[in-house]
Amino acid sequence: MNDYQYTAVERFLRYVQIDTQSDPQSTANPSTEKQKNLSRVLVQELLDMGIADAELDEWGYVYATIPANTDKENVPTLCFCSHVDTSPDVTGEGVKPIIHQNWNGTDIILPDDTNQIIRVADHPDLNQQIGNDIITASGTTLLGADNKAGVAEIMDAANYLLTHPDVKHGRIRLLFTPDEEVGRGTEKVDIAKLGADFGYTIDGEALGTLEDETFSADAVKITIQGVSTHPGFAKGKLENALKIAADLLAALPKDALSPETTAEKEGFVHPTRMEGNQDTAVLEFIIRDFTEVGLQEKETYLQNLLNDVLATYPGSSAQFVVKEQYRNMKDILDQYPAVVENALEAIRQAGLSAERRSIRGGTDGSRLSFMGLPCPNIFAGEHAFHSRLEWVSVQDMQKAVEVIVNVAKVWEERS
């Protein structure tokens with residue numbers, strides 16, 4: 001691909017300026033209509049490439065097909081997937097992307113808020129980027145590399161395959177999803193319509209990495225019913241639901257079981273939202289662990305903690321509701337070793353050192369794997385996601401495009 005004029009960066013710079021932030025409190029599908037603004041752009045660009053069946057469905061999903069060009073009849077249909085939404089944690093409105101060309105290894109001060117500094121000491125992966133071109137936002141928004149880098153890379157790889165018919169491949173399906181950042185990215189995916197045998201999300205971090213293991217994840221919603229009365233006549237009667245909720249939060253360990261105190265294969269219990277008044281309060285948690293047993297242990301721990309707190313408030317009660325979010329994809333991928341091995345070979349063919357990793361999070365591939373589409377996660381080059389310090393390098397994005405093309409080639413060659 002040395003003579004190819006990559007389009008990933010040009011696409012990316014346009015995509016990140018379209019606000020696609022999802023909303024965890026919305027019950028709509030997609031959670032925000034503005035996500036479709038980017039999806040419509042993608043459909044038009046795919047149609048302009050010559051992909052006649054590119055479409056946006058009512059739920060905000062983009063489907064498209066790159067037809068097979070091989071004489072082999074047994075090549076599996078592959079799916080490449082990325083999500084169009086960006087995190088609710090930091091605004092995605094008014095993104096101003098900046099390319100820091102031929103980066104010289106010094107800390108990057110973002111111009112619109114000079115307190116936002118991408119420090120090399122805090123971002124060790126930057127040590128591999130000296131001389132490369134680094135893309136950041138301006139300091140007041142996230143960048144949106146999670147996951148618009150992956151979207152742009154898939155679009156560029158599609159462009160390459162369509163303009164290089166000498167590269168033999170099987171049938172390829174493209175899927176762009178909404179609402180991944182709020183845990184609903186696959187909620188309305190039509191697996192039968194997708195019609196793929198194996199998939200790859202392009203939503204990973206460091207150059208050369210492939211993730212084939214994720215957290216298993218549940219959400220817990222605790223609704224506390226206190227005892228409300230007029231505060232002027234409350235002595236011996238009032239049981240304030242907000243104080244009960246605060247007692248539960250205060251009872252969580254300070255040195256364990258939290259995102260800020262765990263690493264590697266350690267799971268956590270993480271409060272994400274609290275609202276209410278003296279009568280009723282709602283607490284929302286996410287529970288994470290790499291094993292099903294560990295997940296259940298943490299939920300039992302939280303339930304027991306709640307019971308202990310309620311014991312001091314005899315008139316109050318609580319509902320404890322668990323909702324499954326996703327499960328560790330490794331349980332499925334271990335049954336289909338070629339899915340991972342072919343991707344690792346594709347990474348090596350791009351001249352990179354291939355590295356398998358576990359991810360302390362999840363991707364659409366986690367749920368897709370359990371829906372019948374084994375789907376590990378390939379690097380997109382995104383770093384410091386969900387923050388104003390998010391960055392990606394031009395060179396890493398171009399390598400991701402090369403890897404996507406190689407994946408299609410390796411499957412054809414090995415079929």
Side-chain angles (χ1 to χ4, degrees), residues 1-12 14-15 39-56 61-82 148-176 193-202 208 210 338-339 341-352 354 373-376 378-381 394-415:
M1 298 180 63
N2 292 337
D3 60 344
Y4 178 63
Q5 297 298 310
Y6 288 94
T7 66
V9 171
E10 177 270 326
R11 295 177 191 276
F12 176 72
R14 287 189 287 107
Y15 299 166
S39 298
R40 293 186 189 96
V41 170
L42 299 177
V43 168
Q44 188 57 56
E45 291 185 5
L46 291 166
L47 292 171
D48 291 343
M49 287 183 202
I51 299 180
D53 70 346
E55 63 167 314
L56 171 63
Y61 294 81
V62 174
Y63 298 85
T65 308
I66 302 174
N69 67 354
T70 177
D71 294 332
K72 296 181 179 179
E73 297 180 356
N74 61 336
V75 182
T77 297
L78 302 181
C79 171
F80 294 108
C81 172
S82 287
K148 291 170 183 172
V151 173
E153 289 154 8
I154 291 174
M155 292 291 287
D156 194 7
N159 181 69
Y160 183 89
L161 290 170
L162 289 164
T163 56
H164 291 75
D166 54 304
V167 178
K168 299 303 177 185
H169 57 81
R171 180 172 175 264
I172 295 170
R173 291 284 277 162
L174 308 181
L175 175 66
F176 299 111
K193 175 181 176 178
L194 185 62
D197 298 299
F198 305 110
Y200 297 92
T201 51
I202 313 300
L210 177 138
V339 181
E341 290 303 323
N342 287 355
L344 292 173
E345 175 60 21
I347 293 170
R348 288 189 288 265
Q349 287 188 11
L352 303 173
L373 184 70
C375 191
I378 293 173
F379 74 93
V394 169
Q395 288 75 13
D396 286 3
M397 290 184 67
Q398 292 173 346
K399 277 296 181 183
V401 175
E402 188 175 346
V403 168
I404 296 167
V405 171
N406 287 350
V407 169
K409 289 166 54 180
V410 169
W411 274 101
E412 194 277 340
E413 291 165 356
R414 293 184 170 184
S415 296

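It should be emphasised that the depicted structure is a prediction, and the values quoted were computed from it without experimental measurement.
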> Restricting to side chain to side chain donor-acceptor pair (under 3.5 Å), what partner residues turn up for Lys72, sequence neighbours left out?
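So Lys72 forms no side chain to side chain donor-acceptor pair (under 3.5 Å) with any residue.
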> Please report the shortest heavy-atom distance between Ala152 and Ala8, naming the atom on each side.
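Smallest heavy-atom distance, with atoms named: CB-O, 3.4 Å.
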> Working to the nearest 0.5 Å, report the span between OG1 of Thr65 and CD1 of Ile172.
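Output value for this atom pair is 10.0 Å.
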> Between Val405 and Leu161, is any pair of side-chain heavy atoms under 4.5 Å apart?
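Yes, at least one pair of side-chain atoms sits under 4.5 Å.
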> Would a 4.5 Å heavy-atom cut-off, applied to side chains only, mark Trp411 and His169 as touching?
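Of all side-chain heavy-atom pairs linking His169 with Trp411, none is under 4.5 Å.
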> Taking atom types as modelled and ignoring hydrogens, do the side chains of Tyr4 and Asp156 form a donor-acceptor contact shorter than 3.5 angstrom?
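Yes, Asp156 and Tyr4 have a side-chain donor paired with an acceptor closer than 3.5 Å.
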> Within a strict 4.5 Å, meaning less than it, do heavy atoms of the Arg173 and Asp53 side chains meet?
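Arg173 vs Asp53: side chains touch.
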> Is it true that Glu341 and Arg414 have a side-chain N and a carboxylate O under 4.0 angstrom from each other?
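No.
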> Working to the nearest 0.5 Å, report the span between CG of Leu56 and OG of Ser39.
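Interatomic distance, Leu56 CG to Ser39 OG, rounded to 0.5 Å: 5.5 Å.
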> Counting only heavy atoms not in Asp71, do more than 12 fall under 6.0 Å of its CG?
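No.
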> Quiz question: by atom type and distance under 3.5 Å, do the side chains of Gln349 and Glu345 form a donor-acceptor pair?
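Note: Gln349 and Glu345 side chains meet the donor-acceptor criterion.
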> For a 4.5 angstrom cut-off between non-hydrogen side-chain atoms, does Thr7 reach Tyr160?
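With C-beta onward as the side chain, the pair stays apart.
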> For the residue pair Leu46 and Ala54, what are the closest heavy atoms and their distance?
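Here Leu46 and Ala54 meet closest at CB-CB, 3.7 Å.
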> Given side-chain contact (heavy atoms from CB on, under 4.5 Å), test Met155 with Tyr15 step by step and report yes or no.
CA-CA 11 Å; Met155 292 291 287; Tyr15 299 166; 3.7 Å; yes
> Could you check if a side-chain atom of Lys399 sits within less than 4.5 angstrom of a side-chain atom of Gln395, using non-hydrogen atoms only?
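SC-SC contact between Lys399 and Gln395 ruled out.
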> Within the structure provided, determine whether Met1 and Gln398 are in side-chain contact (heavy-atom separation under 4.5 Å).
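Met1 vs Gln398: side chains apart.
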> How far does CZ of Arg11 sit from CG of Leu42, to the nearest 0.5 angstrom?
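Taking CZ in Arg11 and CG in Leu42, the distance rounds to 9.0 Å.
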> Mind checking whether Ile404 and Ile378 have side chains closer than 4.5 Å, heavy atoms only?
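Answer no - side chains too far apart.
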> Measure the SG-CG distance between Cys79 and Leu194 for me, rounded to the nearest 0.5 Å.
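Rounded to the nearest 0.5 Å, the SG-CG separation comes to 4.5 Å.
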> Just verifying a value: how many Å separate Leu162 CG and Ile66 CD1, rounded to the nearest 0.5 Å?
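Answer for the CG-CD1 pair, Leu162 versus Ile66, is 5.0 Å.
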> Measure the shortest side-chain to side-chain distance between Phe198 and Asn342 over non-hydrogen atoms and say whether it is less than 4.5 angstrom.
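The answer is no; the side chains never approach within 4.5 Å.
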> Give the intermediate values and the outcome of side-chain contact (heavy atoms from CB on, under 4.5 Å) for residues Arg40 and Val62.
CA-CA 8 Å; Arg40 293 186 189 96; Val62 174; over 6 Å; no
> Which heavy atom of Ala338 sits nearest a heavy atom of Tyr200, and at what distance?
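Here Ala338 and Tyr200 meet closest at O-OH, 4.5 Å.
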> Taking all atoms of both residues into account, what is the closest heavy-atom pair of Ile51 and Ala64, and its distance?
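Heavy-atom minimum between the residues: CG2-CB, 3.8 Å.
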> Enter the distance from Leu175:CG to Lys193:NZ here, rounded to the nearest 0.5 Å.
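Nearest 0.5 Å value for the CG-NZ distance: 10.0 Å.
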> Applying the side-chain contact (heavy atoms from CB on, under 4.5 Å) criterion to Asn69, which one of His164, Arg171, Glu412, Lys168 satisfies it?
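Looking at His164, Arg171, Glu412, Lys168, the match for Asn69 under the side-chain contact (heavy atoms from CB on, under 4.5 Å) is Lys168.
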> Identify which one of Ile202, Leu210, Val403 satisfies the side-chain contact (heavy atoms from CB on, under 4.5 Å) criterion when paired with Phe379.
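The option that passes is Val403.
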> Which heavy-atom pair separates Ser82 from Gly150 by the least distance, and what is that distance?
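Minimum heavy-atom contact is OG-C, 3.3 Å.
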> Do you know the tightest heavy-atom contact between Val339 and Gly199?
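So the two residues come closest at CG1-O, 4.3 Å.
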